[in-house]
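Single-structure report; data block below.
Chain identifiers are assigned alphabetically (A, B, ...) following the order of the sequence lines, protein sequences preceding nucleic acid strands; residue numbering begins at 1 within each chain. Scope of the values below: all heavy atoms of this structure, side chains included, with no hydrogens, waters or symmetry mates.
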There are 2 protein chains.
Amino acid sequence: MPRADGTTRDHLIESTRELLWERGYTATSPRAILDRAGAGQGSMYHHFTGKEDLAAAAMRDTAQQLLARTETDLAGDGSALERLKAYLLRQREVLRGCPVGRMTGDAEVLGSAVLQHVVAATFDELRGRIVAVICDGMDNDEFDGSVQPAELADTVLAVVQGGYVLARAAGDPAPFDRAVRGAVAMLEHTRKKDVR
Amino acid sequence: MPRADGTTRDHLIESTRELLWERGYTATSPRAILDRAGAGQGSMYHHFTGKEDLAAAAMRDTAQQLLARTETDLAGDGSALERLKAYLLRQREVLRGCPVGRMTGDAEVLGSAVLQHVVAATFDELRGRIVAVICDGMDNDEFDGSVQPAELADTVLAVVQGGYVLARAAGDPAPFDRAVRGAVAMLEHTRKKDVR
DNA sequence: GTCTATACACGGATAGAC
DNA sequence: GTCTATCCGTGTATAGAC
């Protein structure tokens, strides 16, 4: 009876995670995954139904880690503005792009019900967390009353995702850094004016 | 002697433009291009050196059209803020994504010197135009003196590019619309305060 | 200029031995 | 469970006829 350690399975997932990030889904072949994991074809088709199934498992793992890291930025006990700044200004491997966001450039991913769902669900989670932080700030009168949490949350998410796009287009992290700093500056302007 | 009408060549470029937008570079095969253009293999290899060369021509065309449309939004005679709003709020085929920005998701594009250059150059042009508009606004005291044009320009670009990512991830244009509206709201907050 | 035929490697999946 | 052998389709490019 097999021990449920799943080492080979884990290696497959790990290799897939790396390759998906580096090359995307369509451009990642089972062959490449197997080579990197040091496994044969049989292992893959034993543990998973095929490429799509393996990719889904890998993406769920990646999403989990990404959400955990975001949670760290957003869960501090500072003001809402400080927590949003922490999220925006966090160190990132800019030129590699967002391991989840980049999947949206791959038509095959969006055409796969499972894969598309993982991507959509990840951003839904992210959005929910950011909305919550902004609402916190509203409750504490940190922001101007005109601020719409749902809109601002997507703006924040978009600046990060778009920053990756600009940086990769330029082959230089600078556009990302400018974009998030510009966003932080605008956020400061949405603070509640002192009424005295 | 051949007339320089280039009809077949143009059909090839047009088909490539469509397919690059729909599927990206890697996932677009010469075969698919030929089928759509109603041409044979020979035509393609007569007019272009190969897939990369044809894609470069197609991307240059696409970039040109995109820059022209942006110019329309940004060149109005309204205030800088109004022109930025026009750019941000312009009607877009959100779920198709940005025909240029989406290329950054394709590792093969970024790995090709020619292709990567077209993408980089397009965003450089775009950025330059937006910076100019913001500087206009600064000259007219529209914005708070703390505004950094280079940062704000990339923030604006990033919101649009990131909006596409979020919308495609969700399979719904709503996140894009929220992101740009949130950005517009923040832009309003950066206006120069009346000193009276 | 454009076509068809051909070449060769790689993609993804299956079969069956161990 | 994992391996290798095999299959068939497709991707990209070349050859050579018309």
Side-chain angles (χ1 to χ4, degrees), chain A residues 1-20 22-59 103 105-115, chain B residues 1-20 22-59 103 105-115:
Chain A
M1 196 168 298
R3 298 242 334 284
D5 58 15
T7 314
T8 299
R9 190 177 186 278
D10 289 349
H11 284 157
L12 286 170
I13 290 184
E14 181 56 24
S15 301
T16 305
R17 281 172 25 86
E18 294 171 10
L19 286 164
L20 286 182
E22 289 169 22
R23 314 186 194 169
Y25 177 72
T26 304
T28 294
S29 65
R31 185 68 162 76
I33 295 169
L34 268 7
D35 284 355
R36 186 170 299 207
Q41 295 259 82
S43 301
M44 167 172 156
Y45 287 100
H46 173 73
H47 291 289
F48 305 94
T49 68
K51 177 186 176 181
E52 184 185 23
D53 188 37
L54 170 51
M59 283 177 56
M103 297 296 115
D106 196 319
E108 248 182 272
V109 171
L110 300 188
S112 150
V114 237
L115 266 25
Chain B
M1 197 169 298
R3 297 243 334 286
D5 60 14
T7 314
T8 299
R9 190 176 186 280
D10 289 349
H11 283 158
L12 286 171
I13 290 184
E14 180 58 24
S15 300
T16 306
R17 280 169 29 82
E18 293 170 11
L19 286 165
L20 286 181
E22 289 169 23
R23 313 187 195 168
Y25 177 71
T26 305
T28 294
S29 66
R31 185 65 163 80
I33 295 170
L34 267 9
D35 284 355
R36 186 170 298 208
Q41 295 258 80
S43 300
M44 168 172 155
Y45 286 100
H46 173 74
H47 291 289
F48 305 93
T49 68
K51 177 187 176 181
E52 185 185 23
D53 188 37
L54 170 51
M59 283 177 55
M103 296 297 115
D106 195 320
E108 249 184 271
V109 170
L110 300 189
S112 150
V114 238
L115 266 25

Can you sort out the partners of [X] under side chain to side chain donor-acceptor pair (under 3.5 Å), two or more places apart, ordered by chain and number?
| X | value |
| --- | --- |
| A/Glu22 | A/Arg36 |
| A/Ser43 | none |
| A/Thr26 | A/Asp106, A/Glu108 |

After noting the C-alpha distance and the side-chain angles of A/Phe48 and A/Ile13, does the key distance pass the side chain to side chain contact (heavy atoms under 4.5 Å, CB included) rule? CA-CA 10 Å; A/Phe48 305 94; A/Ile13 290 184; 3.8 Å; yes
Distance check needed: D/dA13 C1' versus B/Leu54 CG, whole Å only.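 Atom CG in B/Leu54 sits about 14 Å away from atom C1' in D/dA13.
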For B/Ile33 and D/dT10, what is the distance between atoms CD1 and C1' respectively, to the nearest whole Å?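 That distance rounds to 14 Å.
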Among all residues two or more places apart in sequence or in another chain, which pass the salt bridge (charged side-chain N to carboxylate O under 4.0 Å, His left out) test with B/Arg17?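 Scan of B/Arg17 (salt bridge (charged side-chain N to carboxylate O under 4.0 Å, His left out), adjacent residues dropped) gives B/Glu14.
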Among residues at least two apart in sequence or on other chains, which ones pass salt bridge (charged side-chain N to carboxylate O under 4.0 Å, His left out) with A/Asp53?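 Counting only residues at least two positions away or on another chain, A/Asp53 forms no salt bridge (charged side-chain N to carboxylate O under 4.0 Å, His left out).
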Going 5' to 3' through nucleotides 12-18 of chain C, assign each nucleotide B (protein heavy atom under 4.0 Å from a base atom), S (under 4.0 Å only from sugar-phosphate atoms) or - (no protein heavy atom that close). SBB----
Less than 4.0 angstrom between a side-chain N/O of A/His46 and OP1 or OP2 of D/dC3, yes or no?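 False: A/His46 side-chain N/O out of range (4.0 Å or more) of D/dC3 OP1/OP2.
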Looking only at side-chain atoms of A/Ser43, point me to the closest of C/dT2, D/dC3, C/dC3.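 Nucleotide nearest to A/Ser43's side chain: D/dC3.
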